[in-house]
Each structure stands twice: as C-alpha cells, then as structure tokens.
Amino acid sequence: MRIEDRRNTPLFPIGIVIQLTELTARQIRYYEEHQLVKPVRTKGNQRLFTFNDVDRLLEIKDLLEKGFNLSAIKHYLEEQEKTKETLKERTVKKELSQRELRKRLKSEIMQAGKNGKASLIQGELSRFYPQHKR
DNA sequence: ATTCTTACA
DNA sequence: TGTAAGTA
C-alpha cells in the first residue's frame, strides 16, 4: 500500500497547484472552505496539497465546466469516497480470509499427516470436485 | 518571493 | 470570483 501513501503525502504549495490545475488561488481556497479538498498546513500555516488533492481539483474543475454547482460536486465526491472505501474494505477482508484459509489448510494438513485420517478441510474441499462420488 | 486572511466590489 | 491591503 505504498503507492497510496505517496498519493496522500502532502507535497505541493498552492503555487504549484495553481500551475498544475490552472485554477486561481481564490478558487482553490474557496473549494477548501467547502471541504472539497483538505490540504494540511505547515507550521507557517501554508497549505500543502497531495497528489490526490490535485486530481480532485482537476475533477472539480472538469465538473464545474460541465455545469455542476459546488454542492452537487461535493455530493458526487462524497459518494465516490464511500464507494472507494467500501471497495478497499472488501479487499482487506478478502486478504484476511485468504490468509486465514491458508493458515487453516496448513494446520489441517499437518494434523492429517499425524493421525492418517482425512481432515475436516479435505472433506470440505471434496465438495468442489464432483468426480468424487459421495 | 510566496502565501495567508479579511473584506469589499 | 477578482482584487486590494496588511501579514507571516
């Protein structure tokens, strides 16, 4: 999950963001007021934007040019955020369950090796192989 | 030189 | 949104 960290690393002062997005400082600060982006502040109170913030601002600009108002864009981005987090959660759960599965398989295999009888999981797995007459 | 806030057009 | 003023 290193790439994600990079995209969320505060890097750009507003001057760079202005060049990257071709938005004015006024606009960028205004969007921040409305919580569409949340740049962190340095000790000197200067804003630092992340790569994701820049992407976000570009999307805001695009939607604005297509005629959407700020509140609509805000709702849109919130939904997009929810969806994104849900997908991420599912991925995490999947990874956890697969790790758990491997752990159980290993345990069962070692157990079966000791007492020679079919393990519980072998019984479970047989369901996925129709050629095994049951 | 840059950025920040506030306030008014 | 743009811009001017006074700061940090």
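Chain identifiers are assigned alphabetically (A, B, ...) following the order of the sequence lines, protein sequences preceding nucleic acid strands; residue numbering begins at 1 within each chain.
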A.B. asks: Is any side-chain heavy atom of A/Arg7 closer than 4.5 Å to a side-chain heavy atom of A/Thr50?
C.D. replies: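 They are not in contact (no side-chain heavy atoms under 4.5 Å apart), so the answer is no.
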A.B. asks: Counting only pairs under 3.5 Å, give me each side-chain donor-acceptor contact of residues 61-69 of chain A, with atom names and distances, residues two or more places apart or in other chains.
C.D. replies:
from    : atom 1 : to      : atom 2 : distance (Å)
A/Lys61 : NZ     : A/Thr21 : O      : 3.1
A/Asp62 : OD2    : A/Lys66 : NZ     : 3.4
A/Asn69 : OD1    : A/Ser71 : N      : 3.2
A/Asn69 : OD1    : A/Ser71 : OG     : 3.0
A/Asn69 : OD1    : A/Ala72 : N      : 2.7

A.B. asks: Just how far is it from atom CD of A/Glu22 to atom CD1 of A/Ile18, taken to the nearest 0.5 Å?
C.D. replies: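 Spacing of CD (A/Glu22) from CD1 (A/Ile18) equals 11.5 Å.
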A.B. asks: Are there any protein N/O atoms within less than 3.5 Å of an N/O atom in nucleotides 2-6 of chain C, and if so, which ones and at what distance?
C.D. replies:
from  : atom 1 : to      : atom 2 : distance (Å)
C/dG2 : OP2    : A/Thr24 : OG1    : 2.9
C/dG2 : N7     : A/Arg26 : NE     : 2.9
C/dG2 : O6     : A/Arg26 : NE     : 3.3
C/dG2 : O6     : A/Arg26 : NH2    : 3.0
C/dT3 : O4     : A/Arg26 : NE     : 3.4

A.B. asks: Can you tell me how far P of B/dT3 sits from CD1 of A/Ile28, to the nearest Å?
C.D. replies: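 Rounded to the whole Å, the gap is 10 Å.
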A.B. asks: For B/dT6, does either OP1 or OP2 sit under 4.0 Å from a side-chain N or O belonging to A/Tyr30?
C.D. replies: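 For B/dT6, OP1/OP2 do not have a side-chain N/O of A/Tyr30 under 4.0 Å.
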A.B. asks: Mind checking what makes side-chain contact (heavy atoms from CB on, under 4.5 Å) contact with A/Gln27, not counting sequence neighbours?
C.D. replies: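 Partners of A/Gln27 by the side-chain contact (heavy atoms from CB on, under 4.5 Å) criterion, ordered by chain and then number, come out as A/Leu23, A/Thr24, A/Tyr31.
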A.B. asks: Contacts to DNA chain B from residues 46-62 of chain A, heavy-atom cutoff under 4.0 Å, which residues?
C.D. replies: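 Residues of residues 46-62 of chain A that come under 4.0 Å of DNA chain B are, in numerical order, A/Gln46, A/Arg47.
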A.B. asks: Roughly, in whole Å, what's the span from CD1 in A/Ile16 to P in B/dT3?
C.D. replies: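 Computing the A/Ile16:CD1 to B/dT3:P distance gives 8 Å.
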A.B. asks: Whole angstrom is fine here: how far is it from CZ in A/Phe12 over to P in B/dT2?
C.D. replies: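 Distance check: A/Phe12 CZ to B/dT2 P gives 18 Å.
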A.B. asks: Under 4.0 Å, heavy atoms only, any strand: does A/Gly44 hit a base, just the sugar-phosphate, or nothing?
C.D. replies: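 The answer is nothing, as A/Gly44 stays clear of every strand by at least 4.0 Å.
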A.B. asks: Decide, yes or no, whether a salt bridge links A/Glu100 with A/Arg104 under the criterion of side-chain N to carboxylate O below 4.0 Å.
C.D. replies: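 Salt bridge flag = yes for A/Arg104 with A/Glu100.
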A.B. asks: Quick one: pull up CZ in A/Phe49 and CD1 in A/Ile28 and give me the separation to the nearest 0.5 Å.
C.D. replies: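 Separation between the atoms: 5.5 Å.
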A.B. asks: How close do A/Asp53 and A/Lys38 get, counting heavy atoms only, and between which atoms?
C.D. replies: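 Reported closest heavy-atom pair: OD1-N, 4.3 Å.
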A.B. asks: Could you summarise the pairing of DNA chain B as dot-bracket text, marking Watson-Crick and G-U pairs under 3.5 Å with ( ) or [ ] inside the strand and | across strands?
C.D. replies: .|.||||||
A.B. asks: Expressed as a whole number of angstroms, how long is the span from A/Arg29:CZ to B/dC4:P?
C.D. replies: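 Taking CZ of A/Arg29 and P of B/dC4, I get 5 Å after rounding.
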A.B. asks: Got more than 12 heavy atoms from elsewhere within 6.0 Å of CD1, A/Ile3?
C.D. replies: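 No.
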A.B. asks: Residues in salt bridge (charged side-chain N to carboxylate O under 4.0 Å, His left out) with A/Glu33, at least two apart?
C.D. replies: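 A/Glu33 satisfies salt bridge (charged side-chain N to carboxylate O under 4.0 Å, His left out) with no residue once adjacent residues are dropped.
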A.B. asks: Report the distance from atom CG of A/Leu20 to atom CG of A/Asp55, rounding to the nearest 0.5 Å.
C.D. replies: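 Separation between the atoms: 9.5 Å.
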A.B. asks: Going by an N to O cut-off under 4.0 Å, is there a salt bridge joining A/Arg41 and A/Glu32?
C.D. replies: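 Looking at A/Arg41 and A/Glu32, the cut-off is met.
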A.B. asks: Between A/Ile18 (CD1) and B/dT2 (P), how many Å, whole number?
C.D. replies: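 Interatomic distance, CD1 of A/Ile18 to P of B/dT2: 11 Å.
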